[in-house]
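Chain identifiers are assigned alphabetically (A, B, ...) following the order of the sequence lines, protein sequences preceding nucleic acid strands; residue numbering begins at 1 within each chain. No experiment lies behind these values; they were computed from the predicted model shown.
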Amino acid sequence: MKQKTKKWYEYLWIWSIVYFTLGFFNILFAWLGMIDFLVPLIFAIFSGNKGFCNKYCGRGQLFRKLGSDCKCSRGKAAPKWISSKWFRYGFLVFFLTMFGNMVYQTYLVAAGASGLKEAIKILWTFRVPWGWTYTAGMTADWIAQFSFGFYSLMLTSTIIGLVVMLLYKPRT
Amino acid sequence: MAKRYAEVDGSRCVACGECVYACPRKAIAVRGGCYAEVSRETCVGCGLCEKRCPAGCITMLQREAVHG
């Protein structure tokens with residue numbers, strides 16, 4: 001049987017692991033997540049498609065690797081309402097609202113109205129101290145605040161993806 | 001020609017590309033970033049796309065018998 005040659009972008013799941021590992025040691029690396037934020041938008045605006053999600057998304061590849069290759073996924077069909085338009089758009093609005101709130105918190109720190117909170121929030125709810133990843137004075141407080149907030153969002157969405165990967169199909 | 005072929009319900013497709021990845025015959029493509037489309041001529045009805053689809057929007061259908 002002809003072996004399928006792997007392309008370079010099929011290894012981007014490694015980047016996902018590297019990203020979260022880096023953020024565990026220095027939270028400022030969280031800014032690298034902006035690549036995963038902006039590149040899909042560039043694809044959408046200029047190519048009009050989800051090319052990033054289809055081919056280059058490291059987290060999607062990670063879910064596939066864990067779910068299919070490592071057989072961690074139950075492989076069950078997700079409830080139909082999960083892929084319904086109202087849930088998808090609703091969740092998008094919710095996620096963008098939480099992102100907007102994170103940006104607002106960053107603004108408050110930049111404006112001096114709030115102090116830097118050296119913690120991440122998982123699932124927008126559970127505060128986890130993350131202070132060892134930042135030393136005061138390394139950079140402006142708002143830069144660090146954005147790092148904590150952005151890492152929280154990335155980790156939250158990854159956890160959600162992992163849970164539905166386990167419960168349903170790998171890329172649910 | 002294969003007895004079955006895959007059909008995508010475009011209204012439920014989330015264009016994730018899993019079917020494209022799964023298809024051993026490259027019979028599926030994502031159109032305009034909106035939905036997947038199967039080439040009936042190329043599709044061999046293996047069902048791998050149906051198995052992988054997270055939205056459950058792919059159905060395997062029987063081909064109509066061709067006489068004569």
- Residues B:Asp9 and B:Ser11: side-chain donor-acceptor under 3.5 angstrom: yes

- Task: Tabulate, in ascending numerical order, the residues of residues 46-58 of chain B having at least one heavy atom closer than 4.5 Å to a heavy atom of chain A, or enter 'none'.
- Result: B:Glu50, B:Lys51, B:Arg52, B:Cys53, B:Pro54, B:Ala55

- Message: For B:Arg25, I'd like to know if atom CZ has over 12 heavy atoms of other residues, nucleotides or ligands within 6.0 Å.
- Response: no

- Message: For A:Lys76, which atoms come within 4.5 Å of any heavy atom of chain B: side chain, backbone, both, or neither?
- Response: neither

- Query: Is it the backbone or the side chain of A:Ser73 that comes under 4.5 Å from a heavy atom of chain B, or both, or neither?
  - Reply: neither

- Message: Between A:Ala77 and chain B, with a heavy-atom cut-off of 4.5 Å, which part of the residue counts as in contact: side chain, backbone, both or neither?
- Response: neither

- Message: Are A:Phe24 and A:Trp132, when compared by the centres of their aromatic rings, separated by less than 6.0 Å?
- Response: yes

- Message: Between A:Phe37 and A:Phe99, is the ring centroid distance below 6.0 Å?
- Response: yes

- Below 6.0 angstrom between ring centroids: does that apply to A:Trp15 and A:Tyr9? no

- Task: Not counting sequence neighbours, which residues clear side-chain contact (heavy atoms from CB on, under 4.5 Å) with A:Trp31? List them please.
- Result: A:Met34, A:Trp142, A:Ile143, A:Phe146, A:Ser147

- With a 4.5 angstrom heavy-atom cut-off, could you sort out which part of B:Cys13 is near chain A: side chain, backbone, both or neither? backbone

- Task: Tell me whether the centres of the aromatic rings in A:Phe20 and A:Tyr151 are closer together than 6.0 Å.
- Result: yes

- Item | B:Val14 versus chain A, the contacting section by heavy-atom distance below 4.5 Å | both

- Are A:Lys6 and A:Tyr11 in a cation-pi contact, defined as NZ or CZ under 6.0 Å from the six-membered ring centre and within 45° of the axis? yes

